[in-house]
Student: 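Quick one: the structure is below, and I'll ask about it shortly.
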Amino acid sequence: MMVAPIELEIGEAIGAPVERKEDHKLLVGQAQWVDNMRVPGMAYMAVVRSPYAHARITRVDVAPALAHADVVAAYSAADLQEEWAGSLPCAWLPTEDTKAPPHLPLAADKARYVGDGVAVVVASSRAAAEDAAELVEVEYEPLPAIVDPEAALAEGAPLVHDELGTNRCYTWRLDAGEVDALFDEAEVIVRGRFRQNRLIPTAIEPRAVLVQPLPANGEFTMWSTTQVPHIARVTLSGVLGIPEAKLRVIAPDVGGGFGSKLNVYAEEALALGLARRLGRAIKWTEGRSEGYLATIHGRDQWQEIELAANADGKISAVRARVVAAMGAYLQLVTPGIPLLGAWLYAGAYDVQGYSFECTGVFTHTTPTDAYRGAGRPEATYAIERAVDALAAKLGKDPVEVRRLNFIREFPNAIAAGLTIDSGDYDAGLDLALGTAGYKELRTEQAERRAKGDPKRLGIGLSTYVEMCGLAPSKILGAIRYSAGGWDTATIRCLPTGTVQVLTGVSPHGQGHETTWSQIAADLLGYDVDEIEVLHGDTAVVPLGMDTYGSRSLAVGGVALYFAAERIVAKARLIAAHKLGVEPSQVDYVRGRFTGPEDSIALKDIALAAWTAHDLPDGVEPGLEASFVYDPPNFSWPSGAHLAVVEVDTETGNVEVLRYIAVDDVGTVVNPLIVDGQIHGGIAQGIAQALFEEAVYDDDGNLLTGNMVSYLVPSAPDLPSYELDRTETPSPTNPLGVKGVGETGAIASPAAVINAVCDALAADGVTDIQMPATPERVWRALEEAKR
Amino acid sequence: MRRVSLSVNGDQHELELEPRELLVYVLRERLGLTGATVGCDTSSCGSCTVLLDGESVKSCTVLGVQADGHRITTIEGLAENGALHPLQESFRTHHALQCGYCTPGMVMAAVSLLAENPRPSEAEIRHALEGNLCRCTGYQNIVRAIEAVA
Ligand code: FES
Ligand code: FES
């Protein structure tokens with residue numbers, strides 16, 4: 001029986017700093033990492049990888065590996081050809097003519113990046129598998145490689161996929177308003193050209209996969225370090241030709257992802273294919289340095305942005321062009337990543353004209369894909385750097401130019417064509433400036449300059465808005481993404497007074513068990529500890545779209561709200577029956593139904609629904625409800641970040657003295673968790689601005705191929721963060737939530753580089769490419785002197 | 001193969017080890033103590049940190065045979081009689097962990113730091129954690145958690 005839902009009140013558990021339920025097991029060493037797991041009959045896999053960025057593979061001989069005593073099997077790409085029913089998945093081909101070359105788990109004819117898998121070895125131990133992998137003989141005929149995406153577009157550049165005749169993967173455009181006319185009329189035009197440094201996500205848990213087959217039934221269970229067990233199941237069933245219903249994917253405890261585990265990888269397909277072929281369990285764990293080649297990278301774009309403005313600094317139009325590296329193949333969402341920023345190159349500013357164009361380009365490098373923020377840090381960086389350039393050109397304070405241009409009416413249909421749900425950009429900026437003591441900082445800056453202090457002070461702003469909560473399925477369809485953006489929740493009120501919550505999103509450090517418990521406890525009147533949250537196992541939660549794009553709460557959490565409404569609606573029918581009144585005479589407040597005379601607890605209804613001895617006619621036994629929520633809009637967090645840096649003009653060293661972040665992420669369910677997400681995001685953004693860059697040489701060798709050469713910042717490299725927030729609940733959903741996973745990483749690179757450039761403005765420096773290493777800073781100063 | 005005697009979390013183990021076996025794999029694979037994790041292959045990340053005779057070491061830099069006759073404490077051995085160590089408690093109350101992969105190493109590094117320097121400044125804490133990478137927390141809450149116990 002369908003019953004009308006009852007709108008639920010939001011109480012005190014939502015918003016409380018509840019300590020995480022996840023922590024105990026993690027703190028005592030009882031986490032279930034994939035790498036901890038062992039099953040009977042398990043063998044280990046190692047992948048033989050190309051040392052060349054571009055080479056013809058002329059011979060593969062696995063015989064020497066097979067001669068190794070502990071080796072079970074060894075295969076070349078050709079040997080495994082018939083395991084594959086299809087290519088590794090790419091779910092987003094943004095234009096009709098997007099080039100999607102075949103991408104099988106092992107490369108047969110050509111290797112296209114350093115790390116491309118060419119053969120595979122299975123042995124009785126990991127050490128033996130890795131030793132034997134070295135014995136596989138592969139002959140290569142090295143070919144010239146191309147690593148820069150702009151250079152890859154040039155006539156005569158080496159081709160990554162010969163059969164395409166070009167390295168251009170696609171060009172995607174968005175045009176709105178009379179952009180050219182607005183530029184013609186502009187009194188001021190500023191232009192910026194920026195490099196988005198290639199980044200390596202570096203979740204501290206390397207990837208791992210374990211597949212256990214049940215040959216008699218044709219079933220497979222795969223444990224994987226994945227953010228996306230559901231997407232992995234759908235797509236891998238296609239790669240392997242295993243019926244989806246015969247494949248169970250489990251993401252147990254997963255040690256961080258940041259987008260790198262939002263993918264479906266060759267090694268998962270290989271482990272499945274080998275488990276099927278050999279009829280035994282197969283395990284693979286990535287080495288860190290191996291992962292730096294074999295796990296996706298992020299960013300790697302060239303951006304050009306132009307602002308048209310009047311002499312006051314009021315911006316009328318924005319034009320942006322991006323050239324984005326795809327790497328050698330398209331992974332799960334490679335081509336779509338830069339487009340997640342497509343609507344945001346005007347940032348938090350009200351403009352009439354907007355045009356954006358992105359060209360995706362193949363290069364002989366590790367494929368790029370989602371890395372925290374995915375498209376939105378890039379867009380934010382370009383517009384926030386350009387707004388500072390505009391302020392500098394007009395001799396105005398960057399605060400003033402921002403205020404002149406802020407969007408102030410909500411909901412706001414932006415020129416780029418979407419609608420921002422809510423916000424108050426002035427409020428965030430006011431708070432950030434107040435916390436920072438902006439005036440005093442400017443005074444100190446001037447004093448340092450006046451006395452010729454070689455340590456310059458810089459103040460940088462980033463007043464961002466981003467779109468997350470991926471995503472309305474209709475919009476995803478319109479931009480040619482091949483799945484939906486909905487998510488699921490099930491609430492099962494057990495007869496003994498506890499509740500199971502099933503969610504289709506799949507956490508890997510975000511604390512969903514705690515947050516979802518708070519929401520369910522709040523709406524249904526239970527204790528947080530009486531709620532058990534289940535996730536990340538396709539046998540337990542068959543339907544879901546998983547965790548990425550700051551979507552978990554804004555989609556999966558809202559699904560939970562609506563499932564709770566259904567629980568209460570059904571329980572009210574039973575309550576009314578028990579109380580001997582009409583359902584309309586029964587009020588519901590947090591776990592208790594109250595009629596004109598008597599009341600009854602939801603927990604008692606759960607028991608009554610289970611015994612089913614005395615239910616109203618037509619009401620099914622049990623108290624369980626599910627909801628699939630498809631968001632009608634993205635959600636739009638915003639905020640003002642302010643970095644204070646000290647730049648040593650003698651050494652080029654940059655130190656972040658203070659970092660202030662004021663974010664509006666809508667309703668906050670758990671402030672501890674929300675702040676933690678922001679901290680982590682800021683750290684990764686500062687890392688992009690100052691430390692990290694994946695560097696290839698001209699031959700396509702990754703020069704930063706391990707943790708010694710790729711500089712992930714440690715505790716002494718980073719400041720303490722000063723956080724505050726404003727709260728404009730999203731009107732799109734009844735919880736008012738937006739999303740918080742990526743805001744820090746989106747806002748902070750621009751704040752930091754704006755601060756560095758601000759510090760050196762009087763020295764004539766106008767831009768420094770990320771990461772602003774001491775060497776780059778020093779060179780910029782030298783160049784400015786010339 | 002070499003015969004090795006290890007005391008791990010107070011339990012005595014007699015093991016036959018290959019000379020090349022790293023302590024972290026001895027703990028994880030031979031003894032089933034999977035608390036210490038492996039995050040790198042360049043002794044950079046610190047997620048494998050354990051105590052050797054009370055001092056923190058990266059267990060991926062120590063051979064199992066080198067630990068012969070020594071006393072090892074892993075994250076599994078830190079709680080006493082079911083009561084969490086004050087640092088474990090403090091990590092929880094300060095939300096000093098997210099995915100938790102770096103956490104056993106961070107906690108062990110912090111135990112070692114406070115044993116050496118019971119009242120470290122913020123800068124000293126940050127410096128002491130230099131060899132322990134966390135990608136989730138941005139370090140601030142880890143620093144606070146340690147300060148609160150110091
Ligand atoms: S695993 Fe030991 S330092 Fe990284
Ligand atoms: S909590 Fe995830 S790496 Fe530290």
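Just the heavy atoms: all of them, side chains too, but no hydrogens, waters or symmetry mates, feed the values below. Here is how names work: the chains are called A, B, and so on, in the same order as the sequence lines, proteins then strands, and each is numbered from 1.
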Student: Keeping the roles fixed (side chain from Asp253(A), backbone from Gln32(A)), state whether a donor-acceptor pair exists under 3.5 Å.
Tutor: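 The answer is yes, because a donor-acceptor pair under 3.5 Å joins these two groups.
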Student: Using heavy-atom distances under 4.5 Å, tell me whether Thr42(B) contacts chain A through its side chain, its backbone, both, or neither.
Tutor: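 For Thr42(B), heavy atoms of backbone and side chain both lie under 4.5 Å from chain A.
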Student: If we define contacts as heavy-atom pairs under 4.5 Å, which of Ala203(A), Gly255(A), Pro507(A) has the most with chain B?
Tutor: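 Between Ala203(A), Gly255(A), Pro507(A), the count favours Gly255(A).
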Student: Indicate whether any N or O donor in one side chain lies under 3.5 Å from an N or O acceptor in the other, for Glu22(A) and Thr514(A).
Tutor: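 Judged by distance alone, the side chains do pair up.
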Student: Salt bridge or not between Arg92(B) and Glu19(A)? Use side-chain N to carboxylate O under 4.0 Å.
Tutor: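 A salt bridge links Arg92(B) with Glu19(A).
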Student: Pairing donors with acceptors under 3.5 angstrom, does anything connect the side chains of Glu122(B) and Ser720(A)?
Tutor: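 Yes, side-chain donor-acceptor contact under 3.5 Å.
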Student: Are Glu130(B) and Arg126(B) within salt-bridge range, i.e. N to O under 4.0 Å?
Tutor: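 No, no charged N to carboxylate O under 4.0 Å.
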Student: Please check if the side chain of Gln518(A) supplies one atom and the backbone of Ala16(A) the other of a donor-acceptor pair under 3.5 Å.
Tutor: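 Confirmed, Gln518(A) side chain pairs with Ala16(A) backbone.
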Student: Which one of Ala123(B), Ser44(B), Gly35(B) has the most heavy-atom pairs closer than 4.5 Å to chain A?
Tutor: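 Between Ala123(B), Ser44(B), Gly35(B), the count favours Ser44(B).
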Student: Taking Met108(B)'s backbone N and O only, do any of them form a donor-acceptor pair with Ser56(B)'s side chain (distance below 3.5 Å, no angle check)?
Tutor: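 Checked: no pair found.
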Student: Tell me which of these, Glu692(A), Glu286(A), Glu290(A), has more heavy-atom pairs under 4.5 Å with chain B than the rest.
Tutor: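 Maximum pair count with chain B is reached by Glu692(A).
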Student: For chain A, which of Gln140(B), Gln98(B), Arg135(B) has the most heavy-atom pairs under 4.5 Å?
Tutor: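 Highest number of heavy-atom pairs under 4.5 Å: Arg135(B).
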Student: Using a cut-off of under 4.5 Å for heavy-atom pairs, which of Val254(A), Val28(A), Asp717(A) has the most such pairs with chain B?
Tutor: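 Heavy-atom pair counts peak at Val28(A).
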Student: Looking just at side-chain N and O atoms, do Ser552(A) and Thr547(A) make a donor-acceptor pair shorter than 3.5 Å?
Tutor: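 Judged by distance alone, the side chains do pair up.
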Student: For Thr37(B), is it the side chain, the backbone, both, or neither that has a heavy atom closer than 4.5 Å to a heavy atom of chain A?
Tutor: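 Thr37(B) touches chain A through side-chain heavy atoms alone.
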Student: If we define contacts as heavy-atom pairs under 4.5 Å, which of Ala683(A), Ala31(A), Pro719(A) has the most with chain B?
Tutor: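 Top count of heavy-atom pairs under 4.5 Å with chain B: Pro719(A).
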Student: Counting a contact as any heavy-atom pair under 4.5 Å apart, which residues of residues 673-682 of chain A contact chain B?
Tutor: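 Within residues 673-682 of chain A, the residues that come under 4.5 Å of chain B (heavy atoms only) are Ile673(A), Gly676(A), Gln677(A), His679(A), Gly680(A).
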Student: Hey, which of Val708(A), Ile204(A), Leu26(A), Leu718(A) has the most heavy atom pairs under 4.5 Å with chain B?
Tutor: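 Among the listed options, the one with the most contacts to chain B is Ile204(A).
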Student: Look at Leu33(B), Leu84(B), Asn132(B) and state which one has the largest set of heavy-atom pairs under 4.5 Å with chain A.
Tutor: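 Option with the greatest count: Leu84(B).
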Student: If you measure only the distance, is there a donor-acceptor pair under 3.5 Å linking the side chains of Asp546(A) and Ser506(A)?
Tutor: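 Their side chains do not contain a donor-acceptor pair, so the 3.5 Å distance test is not met.
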Student: Who are the ring-ring contact (aromatic ring centres under 6.0 Å, His included) partners of His512(A), not counting sequence neighbours?
Tutor: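 Testing His512(A) for ring-ring contact (aromatic ring centres under 6.0 Å, His included), a comparison that skips the adjacent residues, returns Trp516(A).
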Student: So which residue, Ile125(B), Leu97(B), Val143(B), ends up with the most heavy-atom pairs under 4.5 Å with chain A?
Tutor: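 The option with the most such pairs is Leu97(B).
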Student: Do Asn706(A) side-chain atoms and Ser289(A) backbone N/O form a donor-acceptor pair below 3.5 Å?
Tutor: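 It does not hold such a pair.
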Student: Here's a test for you: under side-chain hydrogen bond (donor to acceptor under 3.5 Å, both in side chains), which of Gln227(A), His508(A), Glu205(A) qualifies with Lys261(A)?
Tutor: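 The option that passes is Glu205(A).
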Student: Could you check, using the six-membered ring where one of them is a Trp, whether Tyr101(B) and Trp33(A) have ring centers closer than 6.0 angstrom?
Tutor: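 Yes.
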Student: So which pairs with a foot in residues 705-715 of chain A pass salt bridge (charged side-chain N to carboxylate O under 4.0 Å, His left out), sequence neighbours left out?
Tutor: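 Counting only pairs at least two positions apart or across chains, no salt bridge (charged side-chain N to carboxylate O under 4.0 Å, His left out) contact touches residues 705-715 of chain A.
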Student: By a 4.5 Å heavy-atom criterion (distance strictly below it), what part of Leu78(B) contacts chain A: side chain, backbone, both, or neither?
Tutor: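 Contact with chain A involves no heavy atom of Leu78(B) at all.
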Student: Between chain A and each of Leu129(B), Ile142(B), Thr137(B), count heavy-atom pairs under 4.5 Å; write down the option with the most.
Tutor: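 Max contact count across the listed options: Thr137(B).
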Student: Using non-hydrogen atoms and a 4.5 Å limit, figure out which bit of Leu87(B) sits close to chain A: side chain, backbone, both or neither.
Tutor: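 Neither part.
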Student: Centroid separation under 6.0 Å, is that true for the rings of Phe258(A) and Tyr371(A)?
Tutor: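 They do not qualify: ring centres at least 6.0 Å apart.
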Student: Identify the residues of residues 11-27 of chain B whose heavy atoms come closer than 4.5 Å to a heavy atom of chain A, ordered by number, or report 'none'.
Tutor: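 Contacts with chain A: Arg20(B), Tyr25(B).
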Student: Can a salt bridge be assigned to the pair Arg28(B) and Asp35(A) using a cut-off of 4.0 Å between side-chain N and carboxylate O?
Tutor: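 Judged by the 4.0 Å cut-off on N to carboxylate O distance, Arg28(B) and Asp35(A) do form a salt bridge.
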Student: Taking every non-hydrogen pair under 4.5 Å, which of Pro201(A), Gly511(A), Gly257(A) racks up the most with chain B?
Tutor: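 Of Pro201(A), Gly511(A), Gly257(A), Pro201(A) has the most heavy-atom pairs under 4.5 Å with chain B.
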Student: Between Glu29(B) and Arg38(A), does any side-chain N to carboxylate O distance fall below 4.0 Å?
Tutor: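 No, Glu29(B) and Arg38(A) are not salt-bridged.
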